[in-house]
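Counting convention: from 1, in listed order, for ligands and their atoms alike. Throughout, residue positions are numbered sequentially from 1 according to the sequence presented.
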Amino acid sequence: MHPIAYVNGAFVPLSDAKVSILDRGFLFADGIYEVAAVLDGRLVDNASHLARLQRSVGEIALPLPETLERIQEIQKELVARNALDSGLLYLEVTRGADSGRDFVFPKGVTPTLVMFVSAKDIINAPNAKAGIGVITVPDIRWERRDIKSVALLAQVLAKQAAAEAGCGEAWMVEDGVVTEGGSSSAFILTQDDVIVTRNNSNAILPGCTRKAVVALAEERQLKVEERPFSVAEALAAKEAFITSASAFVQPVVTIDGKPVGGGKVGAMATRLREIYIDFARATAV
Ligand code: PDD
């Protein structure tokens, strides 16, 4: 089957899906994106992703070309047209293509809205069983990381460095503390069983998976602290793990080549992963 994409009102073969070279997403990274998981052909925690989309576009005064209700309809139709069972749906909205390259917002230009899907067996990912290594890199990003902007060069460089080191993620560090992963939220479990993840602010993206995992943990009377932690604290922790729409909960077993939690996948990460998968299946739309 040929993959189908969505571009500005039309479902087209992915190979024909194109936007202008004048698109401001291409010229200025003037756009916002979202990635939602698909399980059993349904969208996981999509209301949370759409709420963040609305917030992000609002922060950069970018009007959505469709209502959130219509966007979800398009998402569902795209999943169905691709007969996608398990994977990811990528959505991007940009400030559209003007007639030239002017930094100032164009007038009368319709925003660009594109979507495509990719198949991925998130449930049975080998990394979930074996855990991943992370490297640490300086966080060289801008100061509005709460906006899910398509300006991802710092993350591309961080994740490339991680891949070259044989690792699955890069943890970005600023002022001696971890901000987040290149495309995930960072967690540790302290020796006295407190789940710690950085508090939301302009310094990190408010992860949808992070939010759900914190709520699910608290519902189960697990102790959660939302605060920054250092690499040294992570190395001394009982466990470390990451969360994202594309990985759910994934254990971290080394940081910069040094073992965390004895270098083994931890019980809490494994438990939270199972809890999250149950939640995802039960609430997908
Ligand atoms: N990234 N932090 C950053 C910098 C991210 O890019 C992401 C997600 C997260 C986790 O957010 P969520 O749980 O809502 O996926 C945290 C997506 C998956 C990506 O860029 O592919």
Side-chain angles (χ1 to χ4, degrees), residues 25 29 31-39 43-56 59 75 86-93 114-120 122 125 127-128 132 134 136-163 168-174 177-187 195 197-217 226 228 240-250 252 269 272-273 275-277 279-280 283-284:
I32 299 295
Y33 78 108
E34 273 298 332
V35 178
V38 174
L39 267 190
L43 293 156
V44 172
D45 208 7
N46 201 46
S48 197
H49 288 283
L50 291 182
R52 188 174 61 190
L53 172 68
Q54 190 166 44
R55 181 184 178 277
S56 289
E59 290 299 303
Q75 288 177 296
S86 178
L88 299 168
L89 187 149
Y90 177 88
L91 174 165
E92 179 171 334
V93 53
V114 302
M115 300 183 203
F116 60 88
V117 297
S118 48
K120 181 176 182 183
I122 307 173
N127 282 345
I132 58 166
V134 303
T136 60
V137 297
D139 197 333
I140 59 170
R141 297 175 298 162
W142 73 327
E143 293 182 358
R144 290 303 308 276
R145 302 155 191 167
D146 55 310
I147 298 171
K148 199 160 173 61
S149 141
V150 293
L152 292 171
L153 187 54
Q155 284 101 311
V156 166
L157 297 177
K159 289 179 75 85
Q160 176 62 23
E169 182 57 296
W171 276 7
M172 296 178 282
V173 177
E174 182 178 62
V177 284
V178 175
T179 51
E180 58 188 329
S183 61
S184 59
S185 309
F187 284 74
I195 297 164
T197 190
R198 179 140 183 165
N199 50 298
N200 283 331
S201 70
N202 291 355
I204 64 164
L205 183 78
C208 295
T209 321
R210 172 200 178 286
K211 183 180 178 190
V213 165
V214 166
L216 291 164
E226 296 184 50
F241 54 95
I242 59 169
T243 65
S244 71
S246 52
F248 295 166
V249 179
Q250 207 162 78
V252 169
L272 290 174
R273 179 176 175 83
I275 291 169
Y276 183 79
I277 290 171
F279 155 84
T283 59

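- Considering backbone and side-chain N/O atoms, Q155 never comes within less than 3.5 Å of an N/O atom of ligand 1.
- The protein heavy-atom contact nearest to atom 3 (C) of ligand 1 is E180 OE1, 3.5 Å.
- Atom 17 (C) of ligand 1 has K148 NZ, 3.6 Å as its closest protein atom, hydrogens excluded (heavy atom only).
- Ion pairing between E174 and R145 holds under the 4.0 Å rule for side-chain N and carboxylate O.
- Residues D146 and S201 form no side-chain contact, since every pair of their non-hydrogen atoms from C-beta on lies 4.5 Å or further apart.
- In terms of protein heavy-atom proximity, atom 21 (O) of ligand 1 is closest to V35 CG2, 3.7 Å.
- With a 4.0 Å cut-off on non-hydrogen atoms, R52 touches ligand 1 through its side chain and not its backbone.
- Counting heavy atoms only, T209 comes closest to atom 13 (O) of ligand 1 of the residues T243, L152, L88, T209.
- Polar contact check, G207 against ligand 1: no nitrogen or oxygen pair lies under 3.5 Å apart.
- Residue C208 has at least one nitrogen or oxygen atom sitting less than 3.5 Å from a nitrogen or oxygen atom of ligand 1, judged on distance alone.
- Proximity annotation for atom 8 (C) of ligand 1: of A245, S183, S48, S183 comes nearest, heavy atoms only.
- Considering backbone and side-chain N/O atoms, Y33 comes within less than 3.5 Å of an N/O atom of ligand 1.
- In this pair, Y276 and F248 present their aromatic rings tilted. The plane angle is within the 30 to 60° band.
- Ligand 1 places these atoms under 4.0 Å from at least one heavy atom of S184: 2 (N), 3 (C), 5 (C), 7 (C), 9 (C), 10 (C), 16 (C).
- Of the heavy atoms in L205, only side-chain atoms (C-beta onward) come closer than 4.0 Å to ligand 1.
- With respect to the salt-bridge test (charged N to carboxylate O, under 4.0 angstrom), the residues R52 and E59 do not qualify.
- A donor atom on one side chain and an acceptor atom on the other are not found under 3.5 Å apart for E226 and N200.
- Two residues are said to be in side-chain contact when any heavy atoms from C-beta on lie closer than 4.5 Å; V38 and L43 meet this criterion.
- Where the criterion is an N or O separation shorter than 3.5 Å, residue side chain and backbone included, R141 fails it with respect to ligand 1.
- With salt bridges taken as basic N to acidic carboxylate O contacts below 4.0 Å, none links K211 and D45.
- The option with the heavy atom closest to atom 18 (C) of ligand 1, from among A247, S246, S185, is S246.
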